[in-house]
Amino acid sequence: MHWIDRVAKALLKRDKKPVIASGISVSGHIHIGHCNDIFIADGVRRALEELGGEGQAFWYADDFDPMRRIPWPLNEGELAEKYKQYLGIPYINIPSPDPNYKNFVDFFARPFIESLDDFGIDVKIYSGAEIYRSGRMAEPTRTALKHADKIRAILNRYRSKPLPEDWLPYDALCERCGRLATTRSLSWHDNYVSYKCEGSDYIAGCGYEGEADFTKGQGKLTWRVEWPARWKLLGVTCEPFGKDHAVVGGSYDTGKLIAKQVFKCNAPYPVPYEWVSLKGRWMSSSKGVVFTLPQWLEIAEPELLRYFIFRSKPMKAKEFDPGLALLDLYDEYDLVEQVHFGMVEASARRKEQFKRIYQLSQLRKTPRRRVQRVPFRFATVLAQVMRDEKYAINVLTSREMLTDPSKSDIELAFRRLSCARNWVSKYAPERLQFKVAETLPAEAVQLLSKQQKQGLTQLAADLSSRDFTPVELHNHIYELAQRVGLKTPELFKAIYLALLGRESGPRVGNFISVLDKEFVISRLREAAL
RNA sequence: GGGCCCGUAGCGCAGUCUGGCUAGCGCACCGGCCUUUUAAGCCGGGUGUCGAGGGUUCGAAUCCCUCCGGGCCCGCCA
């Protein structure tokens, strides 16, 4: 059974309408590593529905947290100087570097949120700042303040340096300098917490002393208390979170105790997950090690990202590499799809597993009919020579990659071709990039030997006299080389020189079969002159 | 100091929760085919003390204990 289903079953045992939370701190670009959070939440919700339950999932933007570090790309050049002044200020109150966005949060979170639909994610979005401003956090905050001693005792269990006796679980927003990270709460009464802006380890305070109205969002609960408060407020019964939270004595452990003892609720069913690395480095929004959802859509179908998340267990580290490794991801996905549609044999167990992963990878409903796919490797070649869509369709049907295609098959083919084109230009190694020369390349004129020209002349003649399948054509090159007394690499080089102006290229049979035959014949003849 | 993950074929991994067919997949590799393979040629081949040891069991990659190796996270920010 897939782990998502296991979670869903466990939840249904506990209650009838599970609420699955996800969320992250908007501390920079939101990347595909963060997708674990929201994809898992949404995946569990879907599994619940399939089991006849009723799940609800949401994503919570922690946009009221103070900026501790200037994230990439704002930490470069002039921007870095400009953004220094905002250290310690809640993200939501920091301006956007780009006038097209409302503020810092909008700048970083909007591209992510707007992409969610493309990935088949359908969850409610909450903003931490809005929740605080609306006053919904007032009662949980009051409860926490009342039980500050109890909370302090819980946190102290895992601390080597105990919290001071007058500690309060609240971070006020400094009325004068707007910072949240710099204030220390001194005491509270009614709806107010009095504070002093003293500074923190990374930013100085302004010294102001004042009172914050906690019913009006003039501050927030400290993270370790805010989390269980949120569980209480939103009735959270399941939540995926990064492995950093999952450590013993970490925020989940203390949150669990605080939930029970202070908020009188149960901690959500935890689904800890490993992080995603990008070419060997952990993704990090602040450091700029990111790969975003819009970037993903440029080079791959959304199903592939879902597949990437759901194919392995959540606590297994995932590594993403948009370079050559992407080809394998495509192949793997296509294989899983073929197993799902029974086009490739697999053992019963494997089939069951693949089918479930395939279903979870789909944006919405799993297609009933077999999907026709253009292999991505082939798409990288075709995308570089196709002149228009009609041309591509012709090639694909003559190659039997599309057979009597439906409208959606054609759409999928073009989407993949467009991904391939983008991938080739942005992430592929240079050797996979080529351009068919519009006119006979000078290299061909200079470098071709008499024998090579003879080979090309003969090839042109053969091409015009009969049709070759790609494999036949490839094989034919060997025979031909023999016939004209050339070593095979010399003939291959000659072909590439004539067409591309360089000595290597895509597999010849494949390559020529996607080009216009008359064009190839005339070019080969021209090169042989 | 605490915790988590990983250890299965040359490499990357699935299978471990719920013990049970002959331990599987991809790539690589080897062999064959065509006087032959540049980025999908076809056909065939598993190359393995499932990290080690012990235990439970009719039966262990799978459960329990101990150990070894690699990686990561947390150590009081969230």
> Among C25(B), C72(B), U36(B), which nucleotide sits nearest the side chain of L335(A)?
C25(B)

> Measuring only the C1' atom in each nucleotide, how far is G46(B) from U57(B)? A whole number of Å is fine.
30 Å

> Between C5(B) and G31(B), how far apart are the two C1' atoms, rounded to whole Å?
40 Å

> Which nucleotide, if any, forms a Watson-Crick or G-U wobble pair with G48(B), using both distances under 3.5 Å?
none

> Nearest to the side chain of S504(A), which nucleotide is it out of U38(B), U36(B), C77(B)?
U38(B)

> Report yes if the distance between the aromatic ring centroids of Y86(A) and Y83(A) is under 6.0 Å, otherwise no.
yes

> Suppose we define a pair by two distances each less than 3.5 Å, Watson-Crick or G-U wobble; what does G12(B) pair with here?
C25(B)

> Among U37(B), C6(B), U38(B), which is the nearest nucleotide to the side chain of K493(A)?
U38(B)

> For nucleotides U8(B) and G2(B), find the distance between their P atoms and express it as a whole number of Å.
27 Å

> Among G26(B), U36(B), A39(B), which nucleotide has an atom closest to any side-chain atom of Y478(A)?
U36(B)

> Please confirm whether F241(A) and Y273(A) have ring centers closer than 6.0 angstrom.
no

> Pairing check on G1(B): which nucleotide meets the Watson-Crick or G-U wobble criteria with it, both distances under 3.5 Å?
C74(B)

> So S200(A), base contact, sugar-phosphate only, or nothing? Heavy-atom distance under 4.0 Å.
nothing

> Using whole Å, report how far CG of L327(A) lies from C1' of G26(B).
14 Å

> Is it the case that S251(A) and R224(A) place a side-chain donor and acceptor less than 3.5 Å from each other?
no

> So if I take every side-chain heavy atom of Q482(A) and compare against C73(B), C77(B), U35(B), which nucleotide ends up nearest?
U35(B)

> Who does C63(B) pair with, Watson-Crick or G-U, both distances under 3.5 Å?
G55(B)

> Are the aromatic ring centres of F108(A) and H29(A) under 6.0 angstrom apart?
yes

> Under 4.0 Å, heavy atoms only, any strand: does R68(A) hit a base, just the sugar-phosphate, or nothing?
base

> Return the nearest nucleotide to the side chain of E274(A); candidates are G2(B), A39(B), C72(B).
C72(B)

> Check whether any side-chain N or O of W282(A) sits under 4.0 Å from OP1 or OP2 of C73(B), and answer yes or no.
yes

> Say you pick atom C1' in G24(B) and the same atom in A14(B); how far apart are they, in whole Å?
7 Å

> Given U37(B), C5(B), C73(B), which nucleotide is nearest the side-chain atoms of M315(A)?
C5(B)

> If you look at every strand shown and take non-hydrogen atoms under 4.0 Å, does R502(A) touch a base, only sugar-phosphate, or nothing?
base

> I'd like the P distance from G1(B) over to U56(B), given in whole Å.
33 Å

> Taking donor-acceptor contacts at under 3.5 Å, does the side chain of R507(A) reach the base of U37(B)?
yes

> Is the distance between the ring centroids of F354(A) and Y307(A) under 6.0 Å?
no

> Could you tell me how far G51(B) sits from C58(B) if I compare only their C1' atoms? Round to whole Å.
27 Å

> Measuring only the P atom in each nucleotide, how far is G55(B) from G75(B)? A whole number of Å is fine.
42 Å

> Exactly one of F58(A), W59(A), F64(A) should register a ring-ring contact (aromatic ring centres under 6.0 Å, His included) with Y126(A). Which one does?
F58(A)

> Parallel, tilted or perpendicular for Y478(A) and F492(A), by the 30°/60° rule?
perpendicular

> Is Y496(A) touching bases, backbone alone, or none of the nucleic acid, heavy atoms closer than 4.0 Å?
base

> Checking contacts here: which listed nucleotide (A14(B), U37(B), G15(B)) is nearest the side-chain heavy atoms of S312(A)?
A14(B)

> Nearest whole angstrom, please: distance from the C1' of C74(B) to the CZ of F241(A).
13 Å

> Assign W275(A) to base, sugar-phosphate, or nothing according to its heavy-atom contacts below 4.0 angstrom with the strands shown.
sugar-phosphate

> Judged by modelled atom types alone, do Y333(A) and E303(A) share a side-chain donor-acceptor pair under 3.5 Å?
no

> Which part of the nucleic acid, if any, lies within reach of D328(A) when heavy atoms closer than 4.0 Å are counted: base, sugar-phosphate only, or nothing?
nothing

> Just to be sure I understand the rule, does G242(A) reach a base, reach only the sugar-phosphate, or reach nothing, if contact means heavy atoms closer than 4.0 Å?
nothing

> Contact class for P489(A) vs. all strands (heavy atom < 4.0 Å): base, sugar-phosphate, or nothing?
base

> For K313(A) and G15(B), is the shortest distance between a side-chain N/O and OP1 or OP2 below 4.0 Å?
yes

> Sticking with atom P, work out how far C64(B) lies from U16(B), rounded to a whole angstrom.
14 Å

> Picking from C73(B), C13(B), C4(B), which would you name as closest to the side chain of K316(A)?
C13(B)

> Do F434(A) and F511(A) have ring centroids that are under 6.0 Å from one another?
yes

> Regarding R431(A), tell me which of base, sugar-phosphate or nothing describes its non-hydrogen contacts under 4.0 Å with the strands shown.
base

> Applying a 4.0 Å non-hydrogen cut-off, can you work out what M67(A) is touching in the nucleic acid: base, sugar-phosphate, or nothing?
nothing

> Using a heavy-atom cut-off of under 4.0 Å over every strand shown, decide if P375(A) touches base, sugar-phosphate, or nothing.
nothing

> Between atom CD in E430(A) and atom P in A39(B), what is the gap in whole Å?
17 Å

> In whole angstrom, give the distance that lies between atom CZ of R224(A) and atom P of C74(B).
12 Å

> Between A246(A) and E226(A), which has a closest nucleotide on RNA chain B that is more 5'?
A246(A)

> Name the nucleic acid region contacted by D65(A), choosing base, sugar-phosphate or nothing; use a 4.0 angstrom heavy-atom cut-off, strictly under.
sugar-phosphate

> Compare the minimum distances between each of C74(B), G15(B), A39(B) and the side chain of Q353(A), then state the nucleotide with the smallest one.
G15(B)

